[in-house]
Amino acid sequence: MPSSSGNDSYAQLISAPMTAPQRKALLKELQKPETISSLRRPEILMDFFTDSLDMGDLGLAVPALQGLFYLITTKNLDYPSFFVRLYALLDKDLLHSKYRSRVLRHLDVFLSPTNHLPAATIASFIKRLSRLCLFAPPSAIVAIVPFIYNLLKSHPTTTFMIHRQPHPPYTKFKHNLGNDPYDPTEPNPQLTNAIESSLWELETIQSHYHPTVASIARIISEQFTKQQYNLEDFLDHGYATLLESELKKKEKKPPVVEYKIPKKIFSGDDSDAEGEEFRANQLVDLWDFT
């Protein structure tokens with residue numbers, strides 16, 4: 001680990017040509033707080049982190065954001081686009097990638113109440129995650145819903161998004177959903193109008209085909225009596241663990257089954273010859289032989 005000559009050593013490393021695996025390994029080292037703290041001039045890492053972000057690789061973007069966040073919060077360095085870049089990471093591909101859990105862990109730190117972010121920004125992250133739930137795999141949804149619950153608990157000014165009643169401009173008629181004021185194409189989380197929207201997406205997934213997803217989505221409709229969920233209990237779920245937990249569940253009551261198996265399609269007395277002829281004619285009428 002470089003000491004007094006740390007700046008020179010890392011300056012040479014970050015300016016030299018490197019492959020993607022080499023950059024990823026270097027980022028893994030440079031994102032560590034102890035490494036950054038050992039440098040006399042940590043600002044030399046800013047360009048390296050931002051260049052890594054621009055490469056569009058989640059494997060590079062996640063440690064780069066972690067390093068940038070440490071520089072911003074501890075070294076008073078300014079990077080106004082930090083939350084814009086963070087917001088851009090939340091796309092449909094993220095929830096299907098192996099970096100999903102890592103990004104959610106970092107988000108938990110980045111969106112902490114101690115960072116004093118505007119309610120409009122927090123609302124945008126909540127809304128973006130809610131929208132992604134509509135297209136996410138079940139293993140991702142069971143992690144995102146508790147994460148959103150924690151955000152709502154930590155930022156009470158956003159909780160009115162849950163039970164906002166439908167009224168103009170959200171709906172024009174009682175039977176029409178109308179237009180959502182949230183703009184998913186706006187890159188700046190401060191300007192998406194998410195704070196004017198609602199979380200109808202979470203109500204939608206309460207009817208999800210997967211029973212575990214439908215069950216956990218209902219926590220948004222219940223009283224917020226639980227303080228916080230432990231995200232580590234949800235982040236590493238996969239299809240195998242979801243199936244295992246479902247198989248281990250004990251039924252509260254026996255499922256409803258057909259107690260009598262019918263022998264015929266049409267009802268009637270089997271001994272009634274006229275009834276037999278009538279049912280035969282009904283069956284013939286179902287077919288068109290012309």
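Note that the coordinates shown come from a computational prediction; the quantities given were computed from them, not determined experimentally.
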Which heavy atom of [X] sits nearest to which heavy atom of [Y], and what is that distance?
X: Leu30; Y: Ile14; value: CD1-CG2, 3.8 Å
X: Tyr99; Y: Leu58; value: CD1-CB, 3.7 Å
X: Ile36; Y: Gln31; value: CD1-O, 4.1 Å
X: Ala194; Y: Met161; value: O-CE, 3.5 Å
X: Asn193; Y: Pro181; value: CB-O, 3.3 Å
X: Leu104; Y: Ala143; value: CD1-CB, 4.2 Å

Rounded to the nearest 0.5 Å, how far does [atom2] of [Y] lie from [atom1] of [X]?
X: Arg131; Y: Leu129; atom1: CZ; atom2: CG; result: 12.0 Å
X: Arg85; Y: Leu53; atom1: CZ; atom2: CG; result: 4.5 Å
X: Ile122; Y: Thr157; atom1: CD1; atom2: OG1; result: 8.5 Å
X: Tyr149; Y: Ile162; atom1: OH; atom2: CD1; result: 9.0 Å
X: Glu201; Y: Ile126; atom1: CD; atom2: CD1; result: 11.5 Å
X: Ile148; Y: Ser130; atom1: CD1; atom2: OG; result: 3.5 Å

May I ask you to say whether [X] pairs ionically with [Y], meaning some side-chain N is under 4.0 Å from a carboxylate O?
X: Arg100; Y: Asp93; answer: no
X: Lys127; Y: Asp183; answer: no
X: Lys32; Y: Glu34; answer: no

What's the verdict on side chain to side chain contact (heavy atoms under 4.5 Å, CB included) for Ile141 and Leu132, showing C-alpha distance, side-chain angles and the deciding distance? CA-CA 9 Å; Ile141 301 176; Leu132 291 177; over 6 Å; no

Report yes if some heavy atom in the side chain of [X] is under 4.5 Å from a heavy atom in the side chain of [Y]; otherwise report no.
X: Leu95; Y: Leu90; value: no
X: Leu151; Y: Leu107; value: no
X: Pro42; Y: Lys75; value: yes
X: Asp78; Y: Ile72; value: no
X: Tyr209; Y: Pro138; value: yes

Return the orientation label for the His208 and His210 ring planes: parallel under 30°, perpendicular over 60°, tilted otherwise.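 Correct class here is tilted.
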
Describe, in one word, how the ring planes of Phe82 and Phe69 are oriented to each other, choosing from parallel (under 30°), tilted (30 to 60°) and perpendicular (over 60°).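 The rings of Phe82 and Phe69 sit tilted, inter-plane angle from 30° to 60°.
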
Hydrophobic clustering (ILVMFWY, side-chain heavy atoms < 4.5 Å, transitive) - are [Y] and [X] grouped together?
X: Ile44; Y: Leu26; answer: yes
X: Leu68; Y: Leu117; answer: yes
X: Leu89; Y: Leu111; answer: yes
X: Phe48; Y: Leu77; answer: yes
X: Leu60; Y: Met18; answer: yes

Do [X] side-chain atoms and [Y] backbone N/O form a donor-acceptor pair below 3.5 Å?
X: Thr158; Y: His155; value: yes
X: Ser37; Y: Pro33; value: yes
X: Asp47; Y: Thr50; value: no
X: Ser112; Y: Val109; value: no
X: Thr121; Y: Pro189; value: no
X: Glu203; Y: Trp200; value: no

Looking only at side chains, do [X] and [Y] share a donor and an acceptor under 3.5 Å apart?
X: Ser221; Y: Gln206; answer: yes
X: Ser154; Y: Gln228; answer: yes
X: Glu186; Y: Thr192; answer: no
X: Ser124; Y: Tyr182; answer: no

Check the pair Leu27 / Arg23 against side chain to side chain contact (heavy atoms under 4.5 Å, CB included), numbers first and verdict last. CA-CA 6 Å; Leu27 275 169; Arg23 179 177 286 268; 4.2 Å; yes

Verify whether the ring centers belonging to Phe83 and Phe110 lie closer than 6.0 Å.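 Judged by ring-centre distance (under 6.0 Å), Phe83 and Phe110 do not meet the cut-off.
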
Evaluate the side chain to side chain contact (heavy atoms under 4.5 Å, CB included) criterion for residues Leu86 and Phe125: first the C-alpha distance (whole Å), next the side-chain angles of each, then the deciding distance (0.1 Å), finally the verdict. CA-CA 9 Å; Leu86 180 63; Phe125 280 91; 3.9 Å; yes

Checking Arg128 against Tyr87: charged group under 6.0 Å from the ring centre and within 45 degrees of the axis?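 Judged by the rule (NZ or CZ under 6.0 Å from the ring centre, within 45° of its axis), Arg128 counts as positioned above Tyr87.
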
What's the verdict on side chain to side chain contact (heavy atoms under 4.5 Å, CB included) for Val145 and Val142, showing C-alpha distance, side-chain angles and the deciding distance? CA-CA 6 Å; Val145 174; Val142 297; over 6 Å; no

